[in-house]
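For reference, positions follow the sequence shown, starting with 1.
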Amino acid sequence: MSITVAELTEVVRELFTALDKDKSNFLERKEVREIASQLHGKIGGENEFNEEAFDAAFKKLDKNGDGKIAFEELNDWFHNAAKNRGLLKE
């Protein structure tokens with residue numbers, strides 16, 4: 001399976017828009033934490049939500065350290081992950 005850069009950008013845009021509940025054009029820590037907690041509740045089994053792991057992951061996405069995730073930061077992360085896994089079409 002592979003995806004073009006344009007296709008992946010479109011998917012990331014849809015995801016970002018869905019997660020940006022307050023329509024601020026940023027994903028604030030609270031929004032991301034809420035989604036992460038909900039996902040953990042569905043797939044995390046018996047384990048407690050790990051705040052330290054969440055903080056570390058959030059910091060990786062928040063490249064400029066402003067406490068929120070811009071579309072470009074999320075898009076770059078997804079593109080790098082897809083590229084590293086050989087999933088991007090040239």
Side-chain angles (χ1 to χ4, degrees):
M1 180 186 135
S2 60
I3 189 168
T4 67
V5 169
E7 290 168 336
L8 182 55
T9 298
E10 183 177 328
V11 169
V12 175
R13 174 63 68 193
E14 290 174 15
L15 174 64
F16 188 89
T17 300
L19 295 176
D20 183 18
K21 300 290 185 196
D22 65 0
K23 307 300 180 211
S24 65
N25 291 319
F26 293 98
L27 301 180
E28 287 84 9
R29 180 179 219 72
K30 179 182 173 187
E31 290 170 318
V32 178
R33 170 66 171 77
E34 183 178 321
I35 295 298
S37 179
Q38 289 173 1
L39 285 172
H40 179 77
K42 293 180 189 270
I43 62 173
E46 300 290 322
N47 299 327
E48 292 287 319
F49 185 81
N50 187 324
E51 292 291 343
E52 289 179 11
F54 172 76
D55 287 341
F58 191 90
K59 285 178 184 175
K60 282 184 182 180
L61 287 168
D62 181 19
K63 291 290 187 188
N64 66 3
D66 65 357
K68 53 193 175 186
I69 299 168
F71 171 76
E72 293 78 15
E73 292 170 318
L74 187 66
N75 194 47
D76 287 350
W77 185 87
F78 270 99
H79 280 76
N80 287 333
K83 183 179 178 182
N84 290 339
R85 289 170 178 79
L87 300 175
L88 280 183
K89 289 181 186 176
E90 295 296 323

Distance in Å, Glu51 CD paired with Ser37 OG, rounded so as to fall on 0.5 Å steps: 8.0 Å
Sub-3.5 Å donor-acceptor pair from the side chain of Glu73 to the main-chain atoms of Ala70, do we have one? yes
Would you check if Leu74 and Leu61 make a side-chain contact, meaning some heavy-atom pair closer than 4.5 Å? yes
Rounding to 0.5 Å, atoms CZ (Arg85) and OG (Ser2) come to a distance of 15.0 Å
Does any non-hydrogen side-chain atom of Val32 lie less than 4.5 Å from one of Ile69? yes
Would a 4.5 Å heavy-atom cut-off, applied to side chains only, mark Arg13 and Thr17 as touching? yes
Checking Asp55 against Arg29 for the side chain to side chain contact (heavy atoms under 4.5 Å, CB included) test, could you report, in this order, the C-alpha distance in whole Å, the side-chain angles of both residues, the deciding distance, and whether it holds? CA-CA 9 Å; Asp55 287 341; Arg29 180 179 219 72; 2.6 Å; yes
Which heavy atom of Lys63 sits nearest a heavy atom of Lys60, and at what distance? CE-O, 3.5 Å
Side-chain contact, heavy-atom cut-off 4.5 Å: Lys68 with Asp62? no
Between the main-chain N or O of Asn75 and the side-chain N or O of His79, is there a donor-acceptor pair closer than 3.5 Å? yes
Heavy atoms of other groups near Glu48 CD, more than 12 under 6.0 Å: no
Do Glu10 and Ile3 come within less than 4.5 Å of each other through their side chains, counting heavy atoms only? no
Mind checking the CG-CD spacing from Leu27 to Glu34? Nearest 0.5 Å is all I need. 12.0 Å
Side chains of Val5 and Thr9: does their closest heavy-atom pair fall under 4.5 Å? yes
Any side-chain heavy-atom pair of Asp20 and Phe26 under 4.5 Å: no
Exam field: side chain His40 to backbone Ile35, donor-acceptor pair closer than 3.5 Å: no
Greater than 12 external heavy atoms within 6.0 Å of Lys23's NZ: yes
Which heavy atom of Phe78 sits nearest to which heavy atom of Leu8, and what is that distance? O-CD2, 3.8 Å
Is the cationic atom of Arg33 (NZ for Lys, CZ for Arg) positioned less than 6.0 Å from the six-membered ring centroid of Phe49 and within 45 degrees of its normal? yes
Checking the side chain of Glu31 only, and the main-chain atoms of Glu28 only, is there a donor and an acceptor separated by less than 3.5 Å? yes
Nearest 0.5 Å please: distance from the CG atom of Leu88 over to the CD atom of Glu7. 10.0 Å
